[in-house]
Number of protein chains: 2
Amino acid sequence: MSDATGPDAAAGRGHAALVEDGVEFDGRDAALLRAVDAAGSVAGAASALGRSRARALSRIETLEDAYGTLVERRRGGEGGGGSRLAASGRDLLDRYDRLQAVLAATASVPETVLRGTVEAIDGEIAVVDTAVGALSGLHGATGDEDAGGDGSDGGTVAAGDPVQVRIGADAVTVNDAASEVDPDATSARNRLTGRVSRIDSGETVSTVRIGVEPVDRGERVEAAVEVAALITAESVGRLGLAPGDRVSLRWKATATRLVAHAE
Amino acid sequence: MSDATGPDAAAGRGHAALVEDGVEFDGRDAALLRAVDAAGSVAGAASALGRSRARALSRIETLEDAYGTLVERRRGGEGGGGSRLAASGRDLLDRYDRLQAVLAATASVPETVLRGTVEAIDGEIAVVDTAVGALSGLHGATGDEDAGGDGSDGGTVAAGDPVQVRIGADAVTVNDAASEVDPDATSARNRLTGRVSRIDSGETVSTVRIGVEPVDRGERVEAAVEVAALITAESVGRLGLAPGDRVSLRWKATATRLVAHAE
DNA sequence: CACCGTTGTATCTATGCCGATACAACGACG
DNA sequence: CGTCGTTGTATCGGCATAGATACAACGGTG
């Protein structure tokens, strides 16, 4: 939306919901629970949201069938009764909020996507051959597949497969190329060197793009690769970064994700 | 559901869709595009999926109204015609797959959640007072709010607000406490020290939990805080990590996210 | 020129979800 | 004991979406 910070950074608005037992918990449900918390009754929540009370109640029941008790309801008594958000309902809202935060983050944080082919797989970590050399990262396979989902996404990756390597700009650390750190003192494994090509400064956060030289591989000429790094403006100042500077990039293998890439 | 690999890792199943122009692109649409790519025709794709051909076609049209050309359709000719996935359709599938990868990652990567109150806001970065001291992180506010969305999530954060600080375990770097690195050479700002409390070893990736002492704050006694870090098993070996060891943690402010926490 | 399987297009029907409405049950309070 | 506002429960109609069906248009192929 905003402007020309990144080519496509904000292009991917999304919508996410929790799923348990086949029941989706989406923004509408979150709003309902929040309204119940605010109003102290399902009836009040429904009228505040302009929704049907009976529907709201039955919706809560189907949610509770899947997620457990969410709202403690009581009828009769002072004020005719009322409903309070249960602790587990609050937890569910927290989970939902965190999911939304992750989604907003992926939409607003630029990512670098490289094509590559899997060289080797060792447990959860795969080594991928890319234009800028071998990179290692996690492939999402945490054991199970989304049952009601898609077709061929995520899932397993095998040696030789074409994949995309996804590096979130917030995972990349920028160092002065001169002061090289002892490689044995840190758990960040992927490293590259390159030259700063552009700095997009935000208020307190800057997106630094670093041009990385492709490795020499026979006749095949690869286009230059730009890796984005999101760092605080303060760090830009502290490192004295300016276009043309040589820097070293570093990020953890566990912050790198592989996506199976059909074709 | 599955079993006891991780305590709760798979608890947060989710479902995400891209949204553009009010039109959702979800797993069902992804499966349709993939089937078109495989079958070479919308008719073949529909029958392969057991869906109505006419509906599939009209669905593709509404998708194209929002996302641009996705499928190149041709009628008449050899084989009676056919359809091919356009390049932009392939790109859209890639975007969707990456979104799914992010979602799967957040479901499988542990995160540390701390409660805190916002101390100060400086642009996109906020400083939050937590049980383990002041931490800085991004608040999702990228300028706009989800129109058709929720109520009080994400959005803006103000000084004094209670928030949750979310730290993905894949963003935390573990260092030997002894060999302290020159603080001016790196752009990672948040740092803590603590003792390793537990190491859950996967095949090649381990989740290390580090107990961090809460800062002393008068009479108020806070429970000990455990921060999770996801690092390669190789790094565990290289650093010689074992329960009880003193380590220093480090992660970037830009990899820390704040979630407004009602109440 | 007829054939073929596909893309377009229109229409009818079934299904599921939501709002609207109505009524019974509940229990503290006055 | 009646009042009150809520929770439960059932039913009806509206609306959007998907499937089913039918038919026209298209353009290589034989």
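Since the structure is predicted, the reported quantities are computational estimates derived from the model, not experimental observations. Proteins come first, then strands; the chains are lettered A, B, ... in the order of their sequence lines, and each starts at number 1.
The side chain of A:Arg28 approaches C:dG19 more closely than any other nucleotide in the set C:dG19, D:dT7, C:dT6. Out of D:dG8, C:dG8, D:dG19, the shortest distance to the side chain of B:Leu57 is found at C:dG8. For A:Ala54, the side-chain atoms get nearest to C:dA20 when compared with the rest of C:dA20, D:dG8, D:dA20. Of the listed nucleotides (C:dA24, D:dG28, C:dG8), D:dG28 has the atom at the smallest distance from the side chain of B:Glu78. Taking the side chain of B:Ser52 as heavy atoms from C-beta on, and the options D:dC26, D:dG19, C:dG19, the nearest nucleotide is D:dG19.
Atom CG of B:Leu32 is separated from atom C1' of D:dA18 by 13 Å (rounded to the nearest Å). C:dC17 atom P lies 9 Å from atom CZ of A:Arg59, rounded to whole Å. Rounded to an integer number of Å, the gap from CG of A:Leu63 to P of C:dC18 is 10 Å. Taking atom CD on A:Glu24 and atom P on C:dC18, their separation rounds to 12 Å, with Å as the unit. Between B:Arg75 atom CZ and D:dG27 atom C1' the separation is 10 Å, expressed in whole Å. In this structure, the CD1 atom of A:Ile60 is 15 Å from the C1' atom of D:dT9, given to the nearest Å. Rounded to whole Å, the distance from CZ on A:Arg73 to P on C:dG27 is 15 Å. The separation between B:Arg51 atom CZ and D:dG19 atom C1' is 11 Å, rounded to whole Å.
For the pair A:Asp94 and B:Arg166, the salt-bridge criterion is not met [side-chain N within less than 4.0 Å of a carboxylate O]. Between A:Asp37 and A:Arg84, none of the side-chain N atoms (NZ, or NE/NH1/NH2) sits under 4.0 Å from a carboxylate O, so this pair counts as no salt bridge. With salt bridges taken as basic N to acidic carboxylate O contacts below 4.0 Å, one links B:Glu64 and B:Arg73.
Residue contacts shown for A:Arg55 include a base, since a base heavy atom lies under 4.0 Å away.
Comparing B:Ala43 and A:Gly81 along DNA chain C, the residue whose closest nucleotide (by nearest heavy atom) sits nearer the 5' end is B:Ala43. The 5' end of DNA chain D is approached more closely, in terms of each residue's nearest nucleotide, by A:Gly82 than by the other of A:Ser58 and A:Gly82. Of the residues near DNA chain D, A:Glu61 and A:Gly77, the one whose nearest nucleotide (by heavy atom distance) lies more toward the 5' end is A:Gly77.
In this structure, B:Tyr67 OH and B:Asp91 CG are separated by 14.0 Å, a value rounded to the nearest 0.5 Å.
Between B:Ser83 and the phosphate of C:dT7, there is a side-chain N or O to OP1/OP2 separation shorter than 4.0 Å.
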I'd like a table of donor-acceptor pairs (distance under 3.5 Å, sequence neighbours excluded) in which one partner is a side-chain atom from residues 51-62 of chain A, with atom names and distances.
from: A:Arg51; atom 1: NH1; to: A:Arg28; atom 2: O; distance (Å): 3.4
from: A:Ser52; atom 1: OG; to: A:Ala54; atom 2: N; distance (Å): 3.4
from: A:Ser52; atom 1: OG; to: A:Arg55; atom 2: N; distance (Å): 3.3
from: A:Ser58; atom 1: OG; to: A:Arg55; atom 2: O; distance (Å): 3.1
from: A:Arg59; atom 1: NE; to: A:Asp29; atom 2: OD1; distance (Å): 2.8
from: A:Arg59; atom 1: NH2; to: A:Glu24; atom 2: O; distance (Å): 2.7
from: A:Arg59; atom 1: NH2; to: A:Asp29; atom 2: OD2; distance (Å): 2.8
from: A:Thr62; atom 1: OG1; to: A:Arg59; atom 2: O; distance (Å): 2.9

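Taking only distance into account, the side chain of B:Arg53 meets the base of C:dG8 through a donor-acceptor pair shorter than 3.5 Å.
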